[in-house]
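Lettering of chains follows the sequences in order, A, B, ..., and the numbering in each one begins at 1.
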Number of protein chains: 2
Amino acid sequence: MSDEPATPSARGTLSREKVLRAAVAMADEAGGAVPSTRKLAERLGVRAMALYHHFKNKDELLDGMVDLVFAEVALPEPGEGWREGMRRRADSMRAALGRHPWAVGLMDSRVHPGAATLRHHDAVIGCLRADGFTIAGAAHAFSLLDSYIYGFAIQEAALPFDSSGGDDMEAVAAGVMAQAAGRFPHLTEMAVEHAMRPGYAYGEEFAIGLDLILDGMERRRADW
Amino acid sequence: MSDEPATPSARGTLSREKVLRAAVAMADEAGGAVPSTRKLAERLGVRAMALYHHFKNKDELLDGMVDLVFAEVALPEPGEGWREGMRRRADSMRAALGRHPWAVGLMDSRVHPGAATLRHHDAVIGCLRADGFTIAGAAHAFSLLDSYIYGFAIQEAALPFDSSGGDDMEAVAAGVMAQAAGRFPHLTEMAVEHAMRPGYAYGEEFAIGLDLILDGMERRRADW
DNA sequence: AGGAAAACTGTACGGTGTAAAGTACAGTCG
DNA sequence: CGACTGTACTTTACACCGTACAGTTTTCCT
């Protein structure tokens, strides 16, 4: 049972890329959690320690996984104006983080950006510079946009209910509201008269905030 | 050795609050990591399982720790205008996340906001509403500001060097730049001609982005 | 005084990442 | 061709993790 890797040699079954793809697939399936080395190895028909021939340690594997997510993000296209470019990559980045929610929790501990990550950053900065942003201005814009995108992903992940809309409010949220009812009037008001209304989906806030930021960038482009 | 809790009874040595304070202190000391139940218990002169009389599981303890961080954040004051209120709480929140960097990585998995967190949210929304923001407008503003604050904290945590300024670029960053040199010209340009310059500190980007956001909010306040 | 509830301890289980050493195959060189 | 070497995998083992479950006290309420 499950001793698939008891075959004398599983040589050649592994490679950095194969491992990373399997790890990402498993993390996606599990929802928010990265697989353990043993589970990942089992899926690959191999023993856990085999992974360590391709990755120095688990952290390096996580770096690779995050880089794979960055590789999915649509970069601004050459001819494209900065505003459309920024919007497109922002939407694309958010979508990628939506497909791979486990990446959000990893971002704050990834100190070693991979090749796709660097290429992504380079393309974003290049797009801004090509449209007249100064170096400092591009740095401001980049910091602001990325902060917003990652932060929004965090908030979406931390919502006690699904952000895609619908009235499927969980028991969790119900409990929160129960204790909040009398003591936090503004929060309660916003919840019952706005957020819990049928048509509301938190996800739509993303575009609204993004527009404000892009407008502000447009206005400051010259001074920055 | 370390059998402090071998005393027949350690009754009364624990309480929710004492445990949480110790846990926060240990996490702060460790830098970016939450203590294990055993280590935390040892510090409190108690065995690990004693913690489970005050917290259902570790997740609940983490919820409490994050709530303690929110409790440190300065709320907008009653008489204060929305702009100063928002700026003050943003700066204060960023400072709190700087003091407790482990909280950043926890935020995306905290689905159960505590009392301090709810009070914080309520105060922020209240401040906006008091200055004429509609419910929807306050929701937009809240989402945007919080996303920016959390996202900025993520980015600061993920920097391969200290964001407080100074030329203490690490070997990590050096390695990154080495491979980036030829392939990512815009990134390289920004790094060598801007970010690595003596006077630059990434942390200062926070205020710049925040100003842009507050300006945009001001402009939209009526329409939202 | 007695019994229940509360707050702690002991032990154990199944999981984690990974160090260290062993084994088998592939390729190169004399 | 055969030995040598390096590579890719396995085995075993360790320390640590969260926590279920079953005591053991101590305290408090009748």
Side-chain angles (χ1 to χ4, degrees), chain A residues 1-23 26-27 29-66 102 105-106 109-112, chain B residues 1-23 26-27 29-66 102 105-106 109-112:
Chain A
M1 56 284 278
S2 95
D3 43 349
E4 170 107 46
T7 55
S9 172
R11 197 167 260 251
T13 59
L14 246 46
S15 81
R16 248 189 115 86
E17 205 190 335
K18 263 201 257 188
V19 172
L20 287 176
R21 272 206 306 264
M26 289 181 77
E29 289 159 19
V34 163
S36 75
T37 53
R38 282 175 241 259
K39 302 264 179 64
L40 175 55
E42 191 184 358
R43 164 102 144 216
L44 290 159
V46 124
R47 294 276 132 100
M49 289 309 292
L51 302 173
Y52 287 80
H53 262 266
H54 302 269
F55 301 89
K56 189 166 124 292
N57 50 37
K58 183 144 189 187
D59 230 54
E60 197 176 294
L61 194 153
L62 299 181
D63 283 335
M65 292 175 70
V66 169
W102 44 267
L106 253 36
S109 49
R110 281 335 72 206
V111 199
H112 297 171
Chain B
M1 57 285 277
S2 98
D3 43 350
E4 172 107 46
T7 55
S9 171
R11 197 166 259 251
T13 59
L14 246 45
S15 81
R16 247 189 116 86
E17 203 190 337
K18 264 201 257 188
V19 172
L20 287 176
R21 273 206 306 264
M26 288 181 78
E29 289 159 19
V34 163
S36 74
T37 54
R38 281 175 242 258
K39 301 265 178 64
L40 175 55
E42 191 186 357
R43 165 101 144 215
L44 291 159
V46 125
R47 295 277 134 100
M49 288 310 290
L51 301 173
Y52 287 79
H53 260 268
H54 302 268
F55 301 89
K56 188 166 125 293
N57 52 36
K58 183 144 188 185
D59 230 53
E60 197 176 295
L61 194 153
L62 298 181
D63 283 336
M65 291 176 70
V66 169
W102 44 267
L106 253 36
S109 49
R110 276 344 63 207
V111 198
H112 297 172

Starting at [atom1] of [X] and ending at [atom2] of [N], how long is that distance when rounded to a whole Å?
X       : N      : atom1 : atom2 : result
A:His53 : C:dA26 : NE2   : P     : 16 Å
B:Arg47 : D:dT19 : CZ    : P     : 19 Å
B:Glu42 : D:dC16 : CD    : P     : 11 Å
A:Phe55 : D:dA8  : CZ    : P     : 13 Å
B:Leu61 : D:dC17 : CG    : C1'   : 14 Å

Please confirm whether the shortest side-chain N or O distance from B:His54 to OP1 or OP2 of C:dC8 is below 4.0 Å. yes
How many angstroms lie between atom OG1 of B:Thr37 and atom CG of B:Leu51, to the nearest 0.5 angstrom? 6.5 Å
Nearest-0.5 Å distance that lies between atom CG in B:Leu40 and atom CG in B:Leu61: 6.0 Å
Where protein sits on nucleotides 11-20 of chain C, one letter per nucleotide: B base, S sugar-phosphate only, - none, heavy atoms under 4.0 Å: -B---BBBBB
Could you tell me whether the side chain of [X] and the main chain of [Y] form a donor-acceptor pair under 3.5 Å?
X        : Y       : result
A:Asp63  : A:Val66 : no
B:Arg110 : B:Asp59 : yes
B:Arg43  : B:Val19 : no

For the pair B:Glu42 and B:Arg38, find out whether any cationic side-chain nitrogen is under 4.0 Å from an anionic carboxylate oxygen. no
